[in-house]
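This chain uses plain numbering: 1 for the first residue, then up along the sequence.
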Amino acid sequence: MGQLCCCLQVDQATVAMTERFGRFQDVLEPGLHCVPWIFGTQVSGHLSLRVQQLDVRCETKTKDNVFVTVVASVQYRALVEKASEAFYKLSDTRGQIQAYVFDVVRSTVPKMNLDDAFEQKSEIAKAVEDELEKAMSNYGYEIVQTLIVDIEPDVLVKRAMNEINAAARMRVATQEKAEAEKILQIKRAEGEAESKYLSGLGIARQRQAIVDGLRESVLAFSGNVPGTTAKDVMDMVLVTQYFDTMKEIGANSKSSAVFIPHGPGAVRDVAQQIRDGLLQGSFAHE
């Protein structure tokens, strides 16, 4: 019905190209238009003004001879003031953009090492965008933005890179584990040394307390009982301790005891041996 009435509706973000007897006549913007087809005027086609996106996969080689696949995403749109050029000058817009992307990527990435290519994706994208902007502006298109969305090395290269990274992390973990074990051993040794030191102090204080108690007992007994000597007091103390020990061995039913010939008179021999040992130690020291 619209064609019969010579009326044409152009949708939003779209323009229509009209020709008269095969020659370009005008660009129709969105809205309702009258196209007198009976006088040779007709619509040759429509052109979208929306931003379009083209993803391009390009295989190339880096400076260190690693083959990679670069994925570039190009966002572009036709300019309304150059709509006729965008419609008539290019027959395959997407193919033209793809060719320029291939050319720029394959001339830029081979100048970089693999690691540099990952770090300088923005520079690759900037080079592609500049070249496309300069070329496509002559055909009525604007390059909105260009992104390098991915750089994919060969599968074997990715596996090798992962193994290198894993080995480096394992080396660091081993060093940290060894350092922790070293610290643990040092702290354990310090703790054992401190424990032995404190145990030695306790034994020394215990022996000092025993000696002090014996000395006070000898002095007290000698003062209260006239005519007794220090030797008599020590013999009595040893006899008392001897019977206390025997009492404890006999009272404990679960103790393991070794029976040897003994008697109360043997205490005097034990005392004599102790005194002889002390005297020999004193002479050897002198």
Side-chain angles (χ1 to χ4, degrees), residues 1-60 67-110 112 117-118 120-152:
M1 179 63 70
Q3 292 181 354
L4 293 177
C5 298
C6 299
C7 295
L8 175 67
Q9 175 183 330
V10 180
D11 296 333
Q12 184 66 31
T14 306
V15 292
M17 305 297 160
T18 59
E19 297 176 353
R20 187 173 185 181
F21 298 112
R23 182 179 181 180
F24 171 73
Q25 182 181 22
D26 194 9
V27 177
L28 303 181
E29 296 185 356
L32 184 63
H33 300 274
C34 180
V35 181
W37 58 271
I38 57 177
F39 297 108
T41 301
Q42 63 180 357
V43 176
S44 59
H46 294 77
L47 179 67
S48 176
L49 301 179
R50 296 178 180 178
V51 176
Q52 302 181 62
Q53 178 170 309
L54 174 63
D55 294 330
V56 181
R57 299 178 64 87
C58 177
E59 185 177 5
T60 184
F67 283 91
V68 296
T69 299
V70 180
V71 182
S73 179
V74 181
Q75 298 175 356
Y76 65 97
R77 65 182 176 184
L79 298 173
V80 64
E81 61 271 15
K82 295 183 178 181
S84 60
E85 298 176 1
F87 184 80
Y88 287 103
K89 282 189 175 182
L90 289 178
S91 60
D92 185 5
T93 304
R94 299 173 71 87
Q96 185 78 5
I97 293 176
Q98 185 175 1
Y100 278 109
V101 172
F102 282 169
D103 181 67
V104 176
V105 170
R106 288 174 177 170
S107 62
T108 303
V109 175
M112 305 176 179
F118 280 100
Q120 301 176 14
K121 290 197 302 181
S122 59
E123 296 184 7
I124 301 174
K126 185 67 168 55
V128 174
E129 184 174 346
D130 292 343
E131 186 66 22
L132 286 176
E133 184 69 31
K134 181 172 60 177
M136 298 304 294
S137 61
N138 298 326
Y139 301 107
Y141 282 92
E142 175 190 12
I143 304 301
V144 179
Q145 192 171 16
T146 301
L147 302 173
I148 302 298
V149 295
D150 195 11
I151 298 178
E152 301 176 358

Check: Does atom CD of Gln53 have more than 12 heavy-atom neighbours, drawn from other residues, nucleotides or ligands, at distances under 6.0 Å?
Finding: yes

Next item on the list: Provide the closest heavy-atom pair for Gly140 versus Ala86 in the form atom of the first, atom of the second, distance.
Entry: O-CB, 3.8 Å

Margin query: With side chain to side chain contact (heavy atoms under 4.5 Å, CB included) as the criterion, how do Met17 and Val27 come out once you've worked through the C-alpha distance, each side chain's angles and the decisive distance to 0.1 Å?
Written below: CA-CA 5 Å; Met17 305 297 160; Val27 177; 3.8 Å; yes

Next item on the list: Could you list the residues that satisfy ring pair (Phe, Tyr, Trp, His ring centres under 6.0 Å) with Tyr88, not counting sequence neighbours?
Entry: Phe24

Next item on the list: Please determine if Asp130 and Lys126 form a salt bridge, counting it only when a charged side-chain N lies under 4.0 Å from a carboxylate O.
Entry: yes

Check: Got a sec, which residues hit side-chain hydrogen bond (donor to acceptor under 3.5 Å, both in side chains) with Ser48, two or more places apart in sequence or on another chain?
Finding: none

Item checked: Residue pair Cys58 / Arg106: nearest heavy atoms and the distance that separates them -> SG-NE, 3.4 Å

Item checked: Residue pair Met136 / Ile143: nearest heavy atoms and the distance that separates them -> CG-CD1, 4.1 Å

Margin query: Checking Ile97 against Tyr141 for the side chain to side chain contact (heavy atoms under 4.5 Å, CB included) test, could you report, in this order, the C-alpha distance in whole Å, the side-chain angles of both residues, the deciding distance, and whether it holds?
Written below: CA-CA 10 Å; Ile97 293 176; Tyr141 282 92; 5.9 Å; no

Notebook entry, point to check: How far does CG of Asp55 sit from CD of Gln98, to the nearest 0.5 angstrom?
Noted result: 10.5 Å

Note to self: Using the side chain to side chain contact (heavy atoms under 4.5 Å, CB included) definition, which of the options Ile124, Val104, Val74 pairs with Thr146?
What the structure shows: Val74

Check: Quick one: CG on Asp11 to CG on Leu49, what's the gap to the nearest 0.5 Å?
Finding: 11.5 Å

Next item on the list: Drop me the distance from Gln145's CD to Tyr76's OH, to the nearest 0.5 angstrom.
Entry: 15.5 Å

Notebook entry, point to check: How long is the gap from CZ on Arg50 to CZ on Arg77, to the nearest 0.5 Å?
Noted result: 13.5 Å

Next item on the list: First locate atom CG of Leu47, then atom OG1 of Thr14, and finally report the distance between them rounded to the nearest 0.5 Å.
Entry: 8.0 Å

Next item on the list: Measure the spacing between CD of Glu142 and CD of Glu133 and express it to the nearest 0.5 Å.
Entry: 6.5 Å

Next item on the list: Grab the two heavy atoms, one from Phe87 and one from Gly45, that are nearest each other, plus how far apart they are.
Entry: CZ-CA, 3.8 Å

Item checked: Closest heavy-atom pair and its distance - His46, Ala16 -> CD2-CB, 3.8 Å

Next item on the list: Report, as yes or no, whether the 6.0 Å neighbourhood of atom CD on Glu81 holds more than 12 heavy atoms from other residues, nucleotides or ligands.
Entry: yes

Notebook entry, point to check: Applying the side chain to side chain contact (heavy atoms under 4.5 Å, CB included) test to Lys121, which of Ile148, Asp150, Val149, Leu147 qualifies?
Noted result: Ile148

Margin query: For Phe67, I'd like to know if atom CZ has over 12 heavy atoms of other residues, nucleotides or ligands within 6.0 Å.
Written below: no

Item checked: Over all atoms of both residues, closest heavy-atom pair of Leu28 and Leu8 -> CD1-CD2, 3.9 Å

Margin query: According to side-chain hydrogen bond (donor to acceptor under 3.5 Å, both in side chains), who are the partners of Arg57, at least two apart in sequence or on a separate chain?
Written below: Glu152

